[in-house]
Protein chains: 2
Amino acid sequence: MTQTTPRTSPQIAPSVGFDRHDHSHCIADAVQAAEDLCAAQKLNFTPARRRVLEILLERHRAMGAYDILEILAAEGLGAQPPVAYRALDFLTSHGLAHRIERMNAYTACAHPGEDHVPAFLICRLCKAVAEAETGLEGGRLGDAARATGFVIEKVVVEAEGLCPTCAEAEA
Amino acid sequence: MTQTTPRTSPQIAPSVGFDRHDHSHCIADAVQAAEDLCAAQKLNFTPARRRVLEILLERHRAMGAYDILEILAAEGLGAQPPVAYRALDFLTSHGLAHRIERMNAYTACAHPGEDHVPAFLICRLCKAVAEAETGLEGGRLGDAARATGFVIEKVVVEAEGLCPTCAEAEA
DNA sequence: TTATGGGTTGATATAGTATAACAGTATCTG
DNA sequence: CAGATACTGTTATACTATATCAACCCATAA
C-alpha cells in the first residue's frame, strides 16, 4: 500500500504571520537561536530534532506529526511515528515549538526562549496559523481561577476564524 | 475481546465546579433548558442526543467519546462510534456541550443558550474541569487580530493546572 | 581499561480518537 | 403516493499517539 491519501490542506496555507517577509534567513536565525538555547541549557540538539524544527520553519505552517514524519522518512531520518513524536516532544517541552490543540498539529515557536503565553489565530479555510500574545490572561480567567482556588500552570488560547486573505476572498 | 482497558481517570474527578452542590435537580434543570432551547429552535432533541447530554450532566465531568459510547452501548442505544460522535456534534454545535481540545473530551455546557466564550480550568491530576468565563477576549487577542486583519469567529481558552483539592493534597 | 548509567535511536505493536460511506427508516409535505 | 429531509444502523477505515524493548553512544568513575 503506497499511501497516497492527502492528509492535509484543502487549500495551501500562506505564511504564518499573515504577512510576507524575507523568509530565507529567518529560518537560519531561528535555528541558530535554538542552537544557542540548547547549548545554554545543555540540551542535546540532535539531527532529528534539528531537522524537525527546520521543517516546521521551512513550511512555516502548522503541520501534523505524520506530515513531518513523511518528510523525515523521505530523507532517511526515520519512518516510524515515535521518530516524529519524540522530536516534537523535545521541541515543545523546551519552548521551540507549540502544539495547536484544535488541529492536532505543531508549529515552530515565533518567540523561542521568551516564556510566553502564546495565542494562535487559525484560519479555518487555508489553515494558516499566526502566533500572537495574550499577556498571561491576567484578566477574567485569572480572576475566576483565583476565586475558586485553582492554580493555573499553563494556558492555551486558540482562535479560529478567517485570515485576511481568506476573509477578503469570502466577501 | 472484552475491552477491559481503563480508558480514563487515574483518579476520580470530583464535580465540575470545584464546589459541592445539590446536583440532583441541576441535571433536570439543564435537560429542561436543553429541551426548551431545542423547541424554540425547532431542533430535534432525539433520545440519543438527550441521553448523551444526561450522561455528561450526570457524570459532571469531561468524558471521552468512547466513554460515553460505552454507556450508550450498555443501555442498548448503539455501540458504534458514530452514535456518540453524532450526538456530540449536535450538542456542541448548538451550545449544549463543549469539546475540551486538550483532552479530546466533552462536557455539558454550564450556560446553555448564552452565547459565551467558555474558558476551562482543567486539573492535571484528577481531570476535573470547571467552566469559567473570559469575557470575549476583548483584550490583547482582539487587538492582535484587528492589527493583522484576522476575523475571529470562535475562541478556545483552556487552562491546565491544579484544582483546589489536588493543590492542597500536593502541598 | 572496564563498568556503569543516562540519554537517544530503531523497530514493532497497539491504543485511542474520529470520520467516510451507504443502506435503512421515519416523517413531513406537495 | 412521490420526493425531500433528517436521523439511525452498520461496516470499514483513517488519523493521532504511545508503550515497549533492544541497541547504541558516550561521558564519567571505579
Q) Can you list the steps and then say if L125(A) with T165(A) is a side-chain contact (heavy atoms from CB on, under 4.5 Å)? A) CA-CA 10 Å; L125(A) 291 183; T165(A) 308; over 6 Å; no
Q. How far apart are the C-alpha atoms of Q41(B) and H94(B), what are their side-chain angles, what is the distance that settles it, and do they pass the side chain to side chain donor-acceptor pair (under 3.5 Å) test?
A. CA-CA 10 Å; Q41(B) 300 184 30; H94(B) 293 99; 5.3 Å; no
**Q.** Worked check of side-chain contact (heavy atoms from CB on, under 4.5 Å) between L56(B) and L96(B)
**A.** CA-CA 10 Å; L56(B) 289 174; L96(B) 296 168; over 6 Å; no
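Taking 4.5 Å as the limit, every side-chain heavy atom of V52(B) sits out of range of all side-chain heavy atoms of F90(B). Taking 4.5 Å as the limit, every side-chain heavy atom of R61(B) sits out of range of all side-chain heavy atoms of V129(B). A 4.5 Å side-chain heavy-atom check between E133(A) and H111(A) finds at least one atom pair inside the cut-off.
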If you look only at distance, which donor and acceptor atoms sit under 3.5 Å apart when one is on a side chain in residues 77-86 of chain B and the other is two or more places apart or in another chain?
none

I'd like a table of atom pairs between the protein and nucleotides 24-30 of chain C - only N or O on both sides, under 3.5 Å - with the distance next to each one.
none

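Taken residue by residue, residues 38-46 of chain B places no heavy atom nearer than 4.0 Å to DNA chain C.
In this structure, CD of Q80(A) is placed 15 Å from C1' of dT8(C), rounded to the nearest angstrom. Atom CG of L69(B) is separated from atom P of dT11(D) by 14 Å (rounded to the nearest Å). When rounded to the nearest whole Å, the span between CZ of R50(B) and P of dT8(D) equals 14 Å. The CG-C1' distance, from D67(A) to dA17(D), rounds to 14 Å in whole Å. Atom CD in E101(B) sits about 12 Å away from atom C1' in dT17(C), given to the nearest Å. A straight line from CG of N104(A) to P of dA14(D) spans 18 Å, rounded to a whole angstrom. Put simply, CE on M63(B) is 15 Å from C1' on dT17(C), counting in whole angstrom units. Computed from coordinates, the L72(B) CG to dG9(D) P distance equals 10 Å when rounded to whole Å.
Of the two residues near DNA chain D, P81(B) and P47(B), the one whose nearest nucleotide lies more 5' is P47(B). Heavy-atom distances to DNA chain C give each of R49(A) and A65(B) a nearest nucleotide, and the one nearer the 5′ end belongs to R49(A).
Counting only residues at least two apart or in different chains, salt bridge (charged side-chain N to carboxylate O under 4.0 Å, His left out) contacts with residues 100-122 of chain A comprise R99(A)-E101(A), E101(A)-R102(B), R102(A)-E160(A), R102(A)-E101(B). The salt bridge (charged side-chain N to carboxylate O under 4.0 Å, His left out) contacts involving residues 31-48 of chain B comprise E35(B)-R50(B), where partners must be two or more places apart or lie in separate chains.
For P82(B), whose side chain is taken as the heavy atoms from C-beta onward, the closest listed nucleotide among dA11(C), dA17(D), dT11(D) is dT11(D).
Between C109(B) and H98(B), the shortest heavy-atom contact is SG-NE2, 3.2 Å.
Y106(A) has a side-chain polar atom (N or O) that falls below the 4.0 Å cut-off from OP1 or OP2 of dA17(D). Contact annotation: Y66(B) does not reach the phosphate of dG16(C) (side-chain N/O to OP1 or OP2, under 4.0 Å).
Taking CZ of R59(A) as the reference point, atom CD1 of I71(A) lies at 3.5 Å (rounded to 0.5 Å). Here OH of Y106(A) is found 7.0 Å from OG1 of T92(A). Values are rounded to the nearest 0.5 Å.
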Q: Would you mind building the protein contact string for nucleotides 21-29 of chain D? One character per nucleotide, 5' to 3', B for base within reach (heavy atoms under 4.0 Å), S for sugar-phosphate only, - for untouched.
A: ---------
